[in-house]
Amino acid sequence: MGSGGRTDPPDEDAPRADGSGHRVPEGQAPEEYGDHRGRGDHDEHEHRSRWPLVAAAGAAGLYGGVAVFILGDETDLVPPLLGAGLAVVGTIVLLAGVAGWVDQAFLTPARDRQGSHKSRESYVSTTLLFLTTDVSTFGALFIYYFFVRIGTWPPEELPPLLGSLVIVNTAILVASSVTFHYAHEALEHDNRRRFLGLLGTTLALGLVFLAGQVYEYYEFVAHEGFTLASGIFGTAFFGLTGLHGLHVALGVGGIAVLCWRALRGHYGPDRDTSVATVSLYWHFVDVVWLFLVVVLYVGASV
């Protein structure tokens, strides 16, 4: 209170509170704080984003394009080139949607001094909801594969699916999930050096896994003549592994953003929202891969 009963304007240079009494350091967004509820002057504002809708539209275009391509290649009812073009456009829209989503959810809070007052629980709950719906995406292709298995098996001569490459790749992805878990644990114990080292290791392992999957595709296509058009099993195999590879690539992008922000000191024991959400996504991708290996790689060989 100033002289004459006037109320002094708030000091804009003073540390900000997140709505729960915590003081937010300069350059940090309130939603990054682990125990915050985000209650405050901005609590009445709704938080909406168009980017998930854009990403969903792109994914629909990608999946629809692949379906049209396969239909045209097998029946000549539609030009296969039409499906390929639709898939390319869908991929571009999907990547644009994901990029906008990542920028809005992870990068903007690091740049915006005012930040967002969304709570950690809100971001984690939304991520869990997204992963729940994502199960249906994989489920549709798994149902297709199970339908294939009901008929005469094998439908054609299968390539050697089980080998050292898939075993090594599986071990790499499982190891990356372990390093991510302990990276988050190190952050909670305020061990910055260990957190950065394990997070960087997770990123490297994710990249190695993607490289291994690309090499596996090369071996199948170039040496075995096994492609997406190699019958109903080829469609199921490349559809499932390709969809999973896309999810891994998106996860690697998310981890790269975490590394970028971690190197700038944006995270701490009570500032881990982004780490928690990306970690949930990565563990989900890991579990799906294990199920995929058991059902597709091992199951096809039985």
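Just so it is clear, the structure is predicted and the values come from calculations on it, not from any experiment.
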Counting C-beta onward and ignoring hydrogens, is there a side-chain heavy-atom pair between Tyr218 and His223 closer than 4.5 Å? yes
Output field: ring centroids Phe226/Phe237 closer than 6.0 Å: yes
What's the spacing between Phe238 CZ and Leu228 CG if we round to 0.5 Å? 7.0 Å
Smallest heavy-atom separation, Leu95 atom then Leu250 atom, equals CD2-CD2, 4.4 Å
Any donor-acceptor pair under 3.5 Å linking the side chain of His184 with the backbone of Phe180? no
Answer whether the closest heavy-atom distance between the side chains of Leu196 and Tyr267 falls below 4.5 Å. no
Leu86 reachable from Leu62 in the ILVMFWY side-chain graph, under 4.5 Å edges: no
Which atom pair, heavy atoms only, marks the closest approach of Gly299 to Tyr145? C-OH, 3.8 Å
Can you tell me how far apart CD1 (Ile255) and CH2 (Trp282) are? Round to the nearest 0.5 Å. 4.5 Å
CD of Glu216 to CG of Leu161, rounded to nearest 0.5 Å, is 8.0 Å
Take Ser177 and His181, measure what side-chain hydrogen bond (donor to acceptor under 3.5 Å, both in side chains) needs, and give me the verdict at the end. CA-CA 6 Å; Ser177 196; His181 170 77; over 6 Å; no
Tabulate below the donor-acceptor pairs under 3.5 Å that side-chain atoms of residues 167-174 make, not counting sequence neighbours, or state none.
residue, atom, partner, partner atom, Å
Asn169, ND2, Phe209, O, 3.3
Thr170, OG1, Val166, O, 2.7
Thr170, OG1, Trp289, NE1, 3.0

Closer than 3.5 angstrom, by distance alone: can the side chain of Arg192 be matched with the main-chain N or O of Ala262 as a donor-acceptor pair? yes
Would Phe291 and Phe142 count as a side-chain contact (heavy atoms from CB on, under 4.5 Å) if you check the C-alpha gap in whole Å, the side-chain angles of each, and the deciding distance to 0.1 Å? CA-CA 10 Å; Phe291 185 73; Phe142 275 115; 3.5 Å; yes
Would you say Leu292 and Tyr297 make side-chain contact, with heavy atoms under 4.5 Å? yes
Contact between Leu94 and Val98 at the side-chain level, heavy atoms closer than 4.5 Å - yes or no? yes
With a 4.5 Å heavy-atom cut-off, do Val214 and Leu210 have their side chains touching? no
Closest non-hydrogen atom pair, Gly72 against Pro80: C-CG, 3.7 Å
Geometric class of the Phe284/His247 ring pair [parallel <30°, tilted 30-60°, perpendicular >60°]: tilted
Between Ile232 and Phe147, is there shared hydrophobic-cluster membership here, with clusters defined by ILVMFWY side-chain heavy atoms closer than 4.5 Å? no
Please report the C-alpha distance between Thr137 and Asp134 in whole Å, then the side-chain angles of each, then the deciding distance to 0.1 Å, and finally whether the side-chain contact (heavy atoms from CB on, under 4.5 Å) criterion is met. CA-CA 5 Å; Thr137 304; Asp134 205 30; 3.6 Å; yes
Considering residues, nucleotides and ligands other than Leu81, do more than 12 of their heavy atoms fall under 6.0 Å from its CG? no
Could you go through Leu290 and Asp286, starting from their C-alpha distance and side-chain angles, then the distance that decides it, and tell me whether this counts as side-chain contact (heavy atoms from CB on, under 4.5 Å)? CA-CA 6 Å; Leu290 293 176; Asp286 195 354; 4.1 Å; yes
With the side chain counted from C-beta on, respond yes when Ile150 and Phe146 share a heavy-atom pair under 4.5 Å apart, and no when they do not. no
Would you find more than 12 non-hydrogen atoms of other residues, nucleotides or ligands less than 6.0 Å from Tyr215 atom OH? no
What pairs of residues pass the side-chain hydrogen bond (donor to acceptor under 3.5 Å, both in side chains) test when at least one of them lies in residues 234-244, not counting sequence neighbours? Tyr217-Thr241
Minimum heavy-atom distance between Val248 and Val285, given as atom pair plus value: CG2-CG1, 3.4 Å
Indicate, with yes or no, if Val88 and Val93 share a hydrophobic cluster defined by side-chain heavy-atom contacts under 4.5 Å among Ile, Leu, Val, Met, Phe, Trp and Tyr. no
Check: Leu240 and Leu243 side chains under 4.5 Å, non-hydrogen atoms: no
ILVMFWY cluster, Leu128 and Val288 together (side-chain gap under 4.5 Å): yes
More than 12 heavy atoms of other residues, nucleotides or ligands under 6.0 Å from OH of Tyr144: yes or no? yes
Treat each ILVMFWY residue as a node, draw an edge where side-chain heavy atoms are under 4.5 Å apart, and state whether Leu258 and Val178 are in one component. no
Would you compute the distance between atom OG of Ser176 and atom CG of Leu198 and round it to the nearest 0.5 angstrom? 12.0 Å
Which atom of Ser274 lies closest to which atom of Arg261, heavy atoms considered: OG-NH1, 3.5 Å
Specify the closest pair of heavy atoms between Cys259 and Leu203, including all atoms of both residues, with the distance to one decimal. SG-CD2, 4.0 Å
Got Pro159 and Glu219 here, is their nearest side-chain heavy-atom distance under 4.5 Å? no
